[in-house]
Amino acid sequence: MAFQIPRGTQDILPGEAEKWQYIEQMARDICRRYNYKEIRTPIFEHTELFLRGVGDTTDIVQKEMYTFEDRGGRSITLRPEGTASVVRSFVENKMYGDPNQPIKLYYVGPMFRYERPQAGRFRQFVQFGVEALGSNDPAIDAEVIALAMEIYQALGLKKLKLVINSLGDKESRIAHREALVNHFKGRIHEFCEDCQTRLEKNPLRILDCKKDRDHELMATAPSIIDYLNDESRHYFDKVQMYLTKLGVEFEVDPRLVRGLDYYNHTAFEIMSNAEGFGAITTLCGGGRYNGLVQEIGGPETPGIGFALSIERLLAALEAEGITLPVAQGIDCYVVALGEKAKDESVVIVDKLRKAGIAAEKDYQDRKVKAQFKAADRLQAKYVAIIGDEELEKNVINVKDMATGEQVEVSLDSFTEYLREKLV
RNA sequence: GCGGCUAUGGCGAAGUGGUUAACGCACCAGAUUGUGGCUCUGGCAUGCGUGGGUUCGAUUCCCACUAGUCGCCCCA
């Protein structure tokens, strides 16, 4: 093959693209009802934004960002996620000055990560996300979570699990981190190499380790929940209270963590329980990031949001055997016989189309039989047959493909006739 | 960045170190010179991911590359 699609990317072909449209439309509609407005930001940003937003401490940034130099020598990065850009725009456009607080935004679009493709992971993938900036009310946390759940439920997914946790505020996090380090420090040599580096870099991640899962120190490790100060505890309680009031079922998982410093308080993930879903079960991740706006150069502004991948959403739908109600067939296929009729058929389909009817005709010079087959393949509800006989009488034969019934209709009233039939 | 497995027509899938590379689906044509979904008949890969190498000869053996897939690392 001469050309191949770049690694980790995919073509979304007709048949598949309709599902994307359906999902995006559903998400947009839910956002409209929750009063979240769309924001469109560029697909690339100055690398510095992500270094700041995501944190350059980890080697992830070096390893997994799609970074390159443009012709002007600037370091550019294809956005790996949506939040940094949204916050940048929030600050740059001074949305913090808008009287309509909180600012509630959503976005859909491609994101890029330079990683080895595997199940549910691509180099270009599409995320849908929302961000609510400017409110410190636990009710907005619950709202954001409920919105995410509603998207999945509206699409018919049943096998969902919502887990939430609180990372507390800075004070709580520091206390917890210290406790973790003390807990593992003495016997860290009993753990895997990764965990030994994690102790320094990110002790929270030790709790996630698959290899050392059964180590006795794991079960007794200090839980963040026990280190929440009164304010954080209270905040978390309120979030749970609101979720319960909203009828959103959840599970508290103290092991659910977020690596970056500006994350605090609420963290949540929505996972799929569906069988045969593979190693990756997380569909959606979100949390509160009260430090981020300031980090990006804006005034101290609280924020919370989530992002979900459409690819994984589709995989979850597949795993649950859900078929989206996407329209496929056309309304009418016009079969033409003979030169004159063929010329006339061009005008006939045009009339149908302008009347709002999805119509198609043959362009391959096929015989009648083949034209019918084509109509069948296109799942045409009706086939209209026009030939010399019909032309002479100024009529057209209309066949209902489901029943096989065929009636003769005057050419003048044909469009109207079909329109009534299709209602 | 690391490891396992894989790569044959539009799709699925057999196969062999040596004349014409099974079969199924789809598609096209005919049986039915103006009517689909069923049936029958016929057609449809100068080539077996790409590039090298071994060999008298490779789709089949070896190497590299590319891609897919599963997993590791990590997951903002």
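Reckoned from all heavy atoms, side chains included, excluding hydrogens, waters and symmetry mates. Lettering follows sequence order; numbering is per chain, from 1. Just so it is clear, the structure is predicted and the values come from calculations on it, not from any experiment.
Side-chain contact, Ser223(A) with Asp226(A): no donor N or O sits under 3.5 Å from an acceptor N or O. In the model, Glu69(A) has no side-chain atom that pairs as donor or acceptor with a side-chain atom of Ser75(A) under 3.5 Å. Donor-acceptor pairing under 3.5 Å is recorded for the side chains of Glu269(A) and Thr282(A). Counted by atom type alone, Gln406(A) and Asp400(A) present zero donor-acceptor pairs between their side chains at under 3.5 Å. Looking only at atom types and distance, the side chain of Thr67(A) has a donor-acceptor partner in the side chain of Thr77(A) under 3.5 Å away.
The side chain of Arg377(A) approaches rC28(B) more closely than any other nucleotide in the set rA76(B), rC28(B), rU35(B). Comparing rC74(B), rG36(B), rG34(B) against the side chain of Glu389(A) picks out rG34(B) as the nearest. Closest to the Pro117(A) side chain, of the nucleotides rG68(B), rA29(B), rU35(B), is rG68(B). With rC75(B), rC70(B), rG34(B) as the choices, the nucleotide that has an atom nearest any side-chain atom of Arg113(A) turns out to be rC75(B). Residue Arg366(A) has its side chain nearest to rC28(B) when only rA76(B), rC28(B), rU35(B) are considered. Set against rG71(B), rG34(B), rC74(B), the side chain of Val368(A) has rG34(B) as its closest nucleotide.
For Glu344(A) (side chain) and Leu391(A) (main-chain N/O), no donor-acceptor pair under 3.5 Å exists by modelled atom type. For Asn93(A) (side chain) and Met95(A) (main-chain N/O), no donor-acceptor pair under 3.5 Å exists by modelled atom type. Between the side chain of Asn165(A) and the main chain of Pro254(A), a donor-acceptor pair closer than 3.5 Å is present.
For rG57(B) and rU19(B), the P atoms lie 15 Å apart once the distance is rounded to whole Å. Look at the C1' atom in both rU16(B) and rA22(B): the space between them is 12 Å, to the nearest Å. Nucleotides rU69(B) and rC74(B) are separated by 22 Å at their P atoms, to the nearest Å. Comparing rC23(B) with rA45(B), their P atoms sit 12 Å apart, to the nearest whole Å. If you take atom P in rU66(B) and the same atom in rG30(B), they sit 48 Å apart, rounded to whole Å. rU54(B) and rA13(B) have their P atoms separated by 34 Å, with the value rounded to a whole Å. rC38(B) and rA14(B) are spaced 26 Å apart, taking the P atom of each and rounding to whole Å. As rounded to the nearest Å, rG9(B) and rU50(B) have P atoms that lie 10 Å from one another.
Remark: P of rC70(B) and CZ of Arg116(A) are 12 Å apart, rounded to the nearest angstrom. One interatomic measurement links the two molecules: CG of Asn264(A) to C1' of rA76(B), which rounds to 15 Å at whole-angstrom precision. Distance CZ (Arg121(A)) to C1' (rU69(B)): 15 Å, rounded to an integer number of Å. Regarding Asp376(A), its CG atom lies at a distance of 4 Å from the C1' atom of rG36(B), rounded to whole Å. As a whole-Å value, the separation of Glu115(A) CD from rU69(B) P is 13 Å. Rounded to whole Å, atom C1' of rC73(B) lies 16 Å from atom CD1 of Ile206(A). Whole-Å rounding puts the Arg123(A) CZ to rG68(B) P distance at 8 Å. Rounded to whole Å, the distance from CZ on Arg312(A) to C1' on rC75(B) is 8 Å.
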- Message: Only Watson-Crick and G-U wobble pairs with both distances less than 3.5 Å should count. Give RNA chain B in dot-bracket notation, marking inter-strand partners with |.
- Response: (((((((..(((.....[....))).(((((.......))))).....(((((..]....))))))))))))....
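Using a 4.0 Å cut-off, some side-chain N or O of Lys369(A) falls inside it from OP1 or OP2 of rG36(B). Lys367(A) has no side-chain polar atom (N or O) that falls below the 4.0 Å cut-off from OP1 or OP2 of rU32(B).
Contacts of Gly338(A) with the nucleic acid, taken as non-hydrogen atoms under 4.0 Å apart, are absent. Across all strands shown, Glu390(A) has heavy atoms under 4.0 Å from base atoms, whether or not it also approaches the sugar-phosphate.
Salt-bridge formation is detected for the pair Arg187(A)/Glu216(A): a Lys NZ or Arg NE/NH1/NH2 atom is positioned less than 4.0 Å from an Asp or Glu carboxylate oxygen.
Tyr106(A) has its ring centre less than 6.0 Å from the ring centre of Phe128(A). Outside the 6.0 Å centre-distance limit, the rings of Tyr382(A) and Tyr333(A) are not counted as a close aromatic pair.
The base of rG68(B) does not come close enough to the side chain of Gln4(A) for any donor and acceptor atom to sit less than 3.5 Å apart. Checked by distance alone, Gln406(A) brings a side-chain donor or acceptor within 3.5 Å of a matching partner on the base of rU35(B).
In this structure, Glu269(A) and Pro6(A) both approach RNA chain B, and ranking their closest nucleotides by distance from the 5' end singles out Pro6(A).
Ring geometry for Tyr263(A) versus Tyr289(A): interplanar angle over 60°, hence perpendicular rather than tilted (30 to 60°).
Within residues 283-304 of chain A, no residue has a heavy atom under 4.0 Å from RNA chain B.
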